[in-house]
Protein chains: 2
Amino acid sequence: MSDPRNVRKAVTVTDIALGSGVSRATVSLVLRGSPLVHADTRAKVEAELKRQGYVYNRSAANLRRRTSSSVALVINDLSNPFFAEFAAGVDDAVAAEGYVVLLGNTGESPERERAVLASLMEHQPAGVILSPAEHSDGERLESALGTQAPVLVFNRELPGAHWDFLALDNRHGARLATEHLLELGHRRIAFFGGHADSSSCRERRQGYADALQAADISPQPQWQIETAPTRLDAAASSQALFAGAADAPTAAVCYNDTVALGLMLGLTAQGRRPGHDFALTGFDDIPEAALATPALTTIAVDPRARGRQAAELLLQRIREPERAAQRTIAPVRLLARASSCAPLGSA
Amino acid sequence: MSDPRNVRKAVTVTDIALGSGVSRATVSLVLRGSPLVHADTRAKVEAELKRQGYVYNRSAANLRRRTSSSVALVINDLSNPFFAEFAAGVDDAVAAEGYVVLLGNTGESPERERAVLASLMEHQPAGVILSPAEHSDGERLESALGTQAPVLVFNRELPGAHWDFLALDNRHGARLATEHLLELGHRRIAFFGGHADSSSCRERRQGYADALQAADISPQPQWQIETAPTRLDAAASSQALFAGAADAPTAAVCYNDTVALGLMLGLTAQGRRPGHDFALTGFDDIPEAALATPALTTIAVDPRARGRQAAELLLQRIREPERAAQRTIAPVRLLARASSCAPLGSA
DNA sequence: CTGAAAGCGCTTACAG
DNA sequence: CTGAAAGCGCTTACAG
């Protein structure tokens, strides 16, 4: 923290009052745009404000008024473009309402998460948007967060927490992707990639199963391939799709875009042409998806809009603190591109 | 901003003093870890702190002590992974010193930049890290920034500004890439992509020219191809490299990775095999660079380390406000990968 | 080692 | 419409 002797003497309301021959109260009224002060007085004060280069000390005002003009934003992984976009969306919406963002990045560490929250709470945010680290524990967070500020949890459900919650519609997204492949004429459709124990993977598999069931297809166990959510592991696991030659799938709903791009690589290495011999879809719409060859059909989640939405929900809650906690599921949409072709030999 | 009636009554030092039978001054000393207070008293107060769920009001303390515990971070484009990583690095280093980050994203708009800075300055940051928007004007920013807090400018030079400055070594990076191609045996080397009027492009071209000149090669004008810094335009411009059939280049130093990946696409479309028929290098080391086929030789700039470095420089300046403004050029390094092959027909 | 008092920069009833 | 006074939650000389 900064050393007192380094802080140059700031211009205060007292300086302005002295300089323009009015009381501090009047200066304050001018600053807050009160209609009570005479236009001439206002003009005089405003000139003095400009002349002395006054900058408002909002912390002091917040202290006196018992208000807050900041929102804490705690992100599990800012280097992930998805969350960076989310943060940009939060900043957008929050700035439009006159709030400032107090940022904390936890890098997926629950310990850092606790430390960061404790530090941010000391700055009296009006609310907190928390995208939890993996394995972070809701109950322990409650003590770090206290009850002063409302909290909105994003993306990952927090066991044992009773706060507002915003998440993507994983289930519906996977269902949309699967239905799209069904409409193209595929019947043997795999679900490829991801760790089945992660909640997002579980939800996406569920949506996949929903769609198949609605089409009277029972998903074969060998159509469900687990991989690490990385390009490399996805590429390496691609031949597993074709183990049972007779009923090998003709298409795959992939856990996410990264996995889908890895699968494309793997298919190509096997001499199969994605988007021609084999159809596939991703999830997330990362920038590369549109640029891949073939372009990847995927589910857009629009992280920036999610950030704005999270901010709106929090601001609403700040206004109505007594309302019951709320779960919001954000819409997702299908982006059909070249990677989802019709099955070979279909009309 | 939040409405006063929503702020639940906070626990204050007065409550703790009352609850533990000491004066507020003593509670304050306990909070700040002073050795002046007796161990028993300390224990008693700490128990009360825990019991009442006290949370320190750092703004009030900052007001009284005339200190600040925040740093403003203003980013031109948070959705760019390079800057998101940079922000993560800043947060890292700044949090380690007990500061909190006040985030602002300008989305490359000079107007928003001014608004964001004005709003952040009202929160009395101890310093400001500013990655300027394109076309933002140093002189106009000075008035928004005032003289209260020291400023560190990152990445883009601000005409007319006299603040600390941190930038990448664009010139040296391009020189490294060019030298690498020369060592592989190339003699006809292009500089491909980017707008020649951007400062980073100019600096990179300079490094390219330096290396060629040191090798007694005079760069041909037709080896220097301008493009928008996008994959699409780079792909579309790739045949321009081979216009002069006789002395067509065998390799290209690309403005950045995005352009290099676009060039790869363009080459492939023409039936040339990048990394085999033609060598190329990028700049930035974006995540895709390592994953491309062939993997892209590039210049790593390590944005997260740059963020930490920016924070260090600012904190240093906060400690020594009187020191003269300082220009720092951050190191870059060559990552040789498969895309930079030897010329065809060389041993 | 502890307490009473003043003050950081602001705002807000309350008088006038 | 303007001013004097009190107070937000903290810290810090200064006494004791």
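Below, chains carry the letters A, B, ... as their sequence lines are ordered, and counting in each starts from 1. When reading the values below, keep in mind they use all heavy atoms of this one structure, side chains included, and skip hydrogens, waters and symmetry mates.
- Pairing analysis of DNA chain C (Watson-Crick: purine N1 to pyrimidine N3 plus N6-O4 or O6-N4; G-U wobble: N1-O2 and O6-N3; both under 3.5 Å) yields stems of 3 or more pairs at C:1-3 with D:14-16, C:5-12 with D:5-12, C:14-16 with D:1-3.
- The nucleotide whose nearest atom lies closest to any side-chain atom of B:Ser28 is, among C:dG9, C:dT11, D:dT11, D:dT11.
- Nearest approach of B:Ala325 to B:His162, heavy atoms of both residues: CB-O, 3.4 Å.
- The side chain of B:His38 lies closest to C:dT2, out of C:dC10, C:dT2, C:dG3.
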Stepwise side-chain contact (heavy atoms from CB on, under 4.5 Å) test for B:Val13 and B:Tyr54 = CA-CA 8 Å; B:Val13 285; B:Tyr54 174 80; 3.8 Å; yes

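- A:Thr106 places a side-chain N or O within donor-acceptor distance of the main-chain N or O of A:Ile75, the cut-off being under 3.5 Å.
- For A:Asn57 and C:dT11, the CG to C1' distance is 13 Å, given to the nearest whole Å.
- Between B:Ala60 and B:Val37, the residue anchored closer to the 5' end of DNA chain C is B:Val37, taking for each the nucleotide with the nearest heavy atom.
- For D:dT2, the OP1/OP2 oxygens have a side-chain nitrogen or oxygen of A:Thr41 closer than 4.0 Å.
- Here the P atom of nucleotide C:dT11 and the CZ atom of A:Arg32 are 6 Å apart, to the nearest Å.
- Comparing D:dG3, C:dT2, C:dT11 by their closest approach to the side chain of A:Thr26 singles out D:dG3.
- Taking every side-chain heavy atom of A:Tyr54 into account, C:dC10 is the closest of D:dG3, C:dT12, C:dC10.
- For A:Thr12 and C:dG9, the shortest distance from a side-chain N or O to OP1 or OP2 is not below 4.0 Å.
- A straight line from CG of B:Asp15 to P of D:dG9 spans 8 Å, rounded to a whole angstrom.
- Atom CD in A:Gln124 sits roughly 8 Å away from atom P in D:dC10 (whole-Å rounding).
- Relative orientation of the B:Phe82 and B:Phe154 rings is parallel, given thresholds of 30° and 60° on the angle between their planes.
- Look at CD on B:Gln52: it is 15 Å from C1' on D:dG9, rounded to the nearest Å.
- The CG atom of A:Leu29 sits 14 Å away from the P atom of D:dA4 (whole-angstrom rounding).
- The environment of CZ in B:Arg140 is sparse: at most 12 heavy-atom neighbours from other residues, nucleotides or ligands sit within 6.0 Å.
- For A:Arg58 and C:dC8, the CZ to P distance is 21 Å, given to the nearest whole Å.
- Rounding to whole angstrom units, NZ of residue B:Lys44 and C1' of C:dT2 are separated by 11 Å.
- Taking a cutoff of 4.0 Å between a charged side-chain nitrogen and a carboxylate oxygen, A:Arg308 and A:Asp302 do not qualify as a salt bridge.
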task = Verify side-chain contact (heavy atoms from CB on, under 4.5 Å) between B:Arg304 and A:Ser79, making sure each step is shown before the conclusion.
result = CA-CA 9 Å; B:Arg304 183 176 289 250; A:Ser79 66; 3.6 Å; yes

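- Contact of the A:Ser119 side chain with the B:Arg58 side chain is not registered, since no non-hydrogen atoms from C-beta on lie closer than 4.5 Å.
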What pairs of nitrogen or oxygen atoms, one from the protein and one from nucleotides 5-7 of chain D, lie under 3.5 Å apart?
unit_1 : atom_1 : unit_2  : atom_2 : d
D:dG7  : N2     : A:Arg64 : NE     : 2.3
D:dG7  : N3     : A:Arg64 : NE     : 2.9

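- Under the 4.0 Å criterion applied to side-chain N and carboxylate O atoms, A:Arg327 and A:Glu157 are assigned as salt-bridge partners.
- Residue B:Arg66 places at least one side-chain N or O under 4.0 Å from the OP1 or OP2 atom of C:dG9.
- The pair B:Arg114-B:Glu139 fails the salt-bridge criterion, with no side-chain N (NZ, NE, NH1 or NH2) lying under 4.0 Å from an Asp/Glu carboxylate O.
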